[in-house]
Amino acid sequence: DGNFLILRANRAYLNFFAGEELQGKESKVLPRSMLEPYLSFPSGEWELSLGERHYRVFMDKITDPESAGRFVIRLRDSTHERNLRERLLAQNQMADLGILISSVAHEINNPVAGILLYAQMLLKELTPAGEASRDVELIRVAAERLKSTVQTMLSLVRLSDAEPAPVDVVACLEEVIALVGPEVKRLKARLHFERGEQTGWKLLANRNQLLQALFHLLRESLLSVADHLREEPLWKGEIKIQCSADSGFRLEISDTARSIADVPESSVAFNVVKILIENLGGKLEYARQGQKSVRVVVFPQSLESPRDS
């Protein structure tokens with residue numbers, strides 16, 4: 001009514017509040033402050049987000065003189081439409097990013113190949129223990145890293161024709177850990193994998209893209225460890241991978257190395273992986289916790305309880 005008190009509500013709205021008594025009270029999800037701006041118009045329409053769900057709200061005044069000041073509010077669940085729109089947008093972003101990276105990669109790879117060639121030739125001619133040799137080796141390592149980064153970004157944005165299918169996230173993670181095993185051993189680092197009881201947790205995804213995203217996240221930790229090790233040869237690096245699940249799946253990858261960059265979110269590679277994870281329905285975050293760099297991936301819901309249901 002005109003005092004923003006609920007006069008009547010249908011069964012769907014009552015179920016939404018789990019049987020709470022609403023008649024004669026103000027709505028908790030549609031407070032007075034939200035409704036007042038629309039009172040001067042015959043009707044109003046806006047978006048409302050409640051947790052993981054999204055709604056389209058319609059407000060219409062009752063024209064009957066006997067019901068002056070009263071209005072009807074309808075809520076339509078628009079979660080599926082919004083999620084579909086976000087996924088289409090993410091796919092378009094990936095396609096645009098793929099075109100950009102592909103065109104830039106060729107321009108980067110040619111000079112990098114020349115730098116690597118001349119660095120390797122100089123290393124053969126210089127005294128191995130000399131200062132000049134160490135400087136050239138730093139140039140070679142940096143060039144190799146740039147080449148590897150370009151290849152990683154190309155693989156991440158390359159869209160696969162494979163249709164999404166149920167994918168065991170922990171099994172994919174185990175494959176990636178096996179793949180980087182030799183590099184972990186070379187760096188003399190300790191890798192701890194705590195899978196908990198999450199074996200079998202499945203996600204509807206493109207398996208190739210998920211593997212690439214997980215590989216890149218773990219590779220970033222290995223690069224941090226390698227950088228730290230060059231500065232402190234006797235230092236022992238540690239990487240921890242933890243899986244947990246409550247209403248969704250949470251993956252945390254942390255390392256004890258000094259961060260490569262103060263703001264990794266500004267790197268192209270990080271943002272490519274972030275878009276890819278979001279395209280799969282998840283979220284990617286980065287944080288520093290004391291001496292640790294932490295990368296967190298969260299998938300809100302499993303295949304058995306998709307967010308569009």
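The list of salt bridge (Lys or Arg N to Asp or Glu O under 4.0 Å) pairs with a residue in residues 231-241, not counting sequence neighbours, reads R190-E238, E231-R258, E232-R258.
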So R186 and E183, salt bridge (charged side-chain N to carboxylate O under 4.0 Å, His left out) or not? Walk me through it.
CA-CA 5 Å; R186 185 185 72 80; E183 180 65 6; 2.8 Å; yes
Kindly indicate, with the supporting measurements, whether the criterion side-chain contact (heavy atoms from CB on, under 4.5 Å) is fulfilled by R195 and L173.
CA-CA 10 Å; R195 64 172 57 79; L173 193 55; over 6 Å; no
Please evaluate residues E252 and R250 with respect to the criterion salt bridge (charged side-chain N to carboxylate O under 4.0 Å, His left out), reporting the C-alpha separation (whole Å), side-chain torsions for both, the decisive distance (0.1 Å), and the verdict.
CA-CA 7 Å; E252 181 176 302; R250 187 177 191 274; 2.9 Å; yes
Intermediate values then yes/no, side-chain contact (heavy atoms from CB on, under 4.5 Å), L214 and L251:
CA-CA 10 Å; L214 294 174; L251 167 65; 3.5 Å; yes
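Hydrophobic clustering of Ile, Leu, Val, Met, Phe, Trp and Tyr side chains at less than 4.5 Å, counting indirect connections, unites L211 with L179. Linking Ile, Leu, Val, Met, Phe, Trp and Tyr residues whenever their side-chain heavy atoms come within less than 4.5 Å leaves V141 and L117 in two separate clusters. Each of L138 and Y118 belongs to its own hydrophobic cluster when Ile, Leu, Val, Met, Phe, Trp and Tyr are linked at side-chain heavy-atom distances under 4.5 angstrom. Put simply, L223 and V294 are part of two different groups of oily side chains (I, L, V, M, F, W, Y) that touch within less than 4.5 Å, one to the next.
R295 is not listed as a side-chain neighbour of L218, based on a closest heavy-atom distance of 4.5 Å or more. Side-chain contact between H228 and D255 is absent, with no heavy-atom pair separated by less than 4.5 Å. E220 places none of its side-chain heavy atoms less than 4.5 Å from the side chain of V273. L284 is listed as a side-chain neighbour of L217, based on a closest heavy-atom distance under 4.5 Å. With contacts defined as side-chain heavy-atom distances shorter than 4.5 Å, the pair V180/R219 does not qualify. A 4.5 Å side-chain heavy-atom check between P166 and L204 finds at least one atom pair inside the cut-off. A 4.5 Å side-chain heavy-atom check between V225 and W235 finds at least one atom pair inside the cut-off.
Of the inter-residue distances, the one linking F58 atom CZ with E45 atom CD reads 4.0 Å to the nearest 0.5 angstrom. Between atom NZ of residue K124 and atom CG of residue L122 there is a gap of 11.5 Å, rounded to the nearest 0.5 Å. Within the model, atoms CG of L222 and CG of L229 stand 11.5 Å from one another, a figure rounded to the nearest 0.5 Å. Separation of atoms CD1 (I239) and OG1 (T256) is listed at 8.0 Å; rounding is to 0.5 Å. Taken to the nearest 0.5 Å, the CG atom of L48 stands 10.5 Å off from the CG atom of D77. The CZ atom of R74 sits 12.0 Å away from atom CE of M59, with the distance rounded to the nearest 0.5 Å.
Scored by the side-chain hydrogen bond (donor to acceptor under 3.5 Å, both in side chains) test, E47 finds R56 as partners (sequence neighbours excluded). Scored by the salt bridge (Lys or Arg N to Asp or Glu O under 4.0 Å) test, D135 finds no partners at all (sequence neighbours excluded). Considering only residues two or more places apart in sequence or on other chains, S133 meets the side-chain hydrogen bond (donor to acceptor under 3.5 Å, both in side chains) condition with none of them. Under the side-chain hydrogen bond (donor to acceptor under 3.5 Å, both in side chains) criterion, E137 pairs with R140, not counting sequence neighbours. N109 is linked by a side-chain hydrogen bond (donor to acceptor under 3.5 Å, both in side chains) to nothing, counting only residues two or more places apart in sequence or in another chain.
Using cut-offs of 30° and 60° for the angle between ring planes, the F249 and F299 rings count as tilted.
For the pair V176 and F215, the tightest heavy-atom approach, listed with the atom from each and the gap, is CG1-CA, 3.6 Å. Of all heavy-atom pairs spanning L75 and I73, the tightest one is CD1-CG2, 3.9 Å. Of all heavy-atom pairs spanning A213 and I277, the tightest one is CB-CD1, 3.9 Å. Residues L210 and C172 share a closest heavy-atom pair of CD2-SG, 4.1 Å. Across all their heavy atoms, D168 and V170 have their closest contact at OD1-N, 3.1 Å.
No donor-acceptor pair under 3.5 Å is formed between the side chain of S254 and the backbone N or O of S293.
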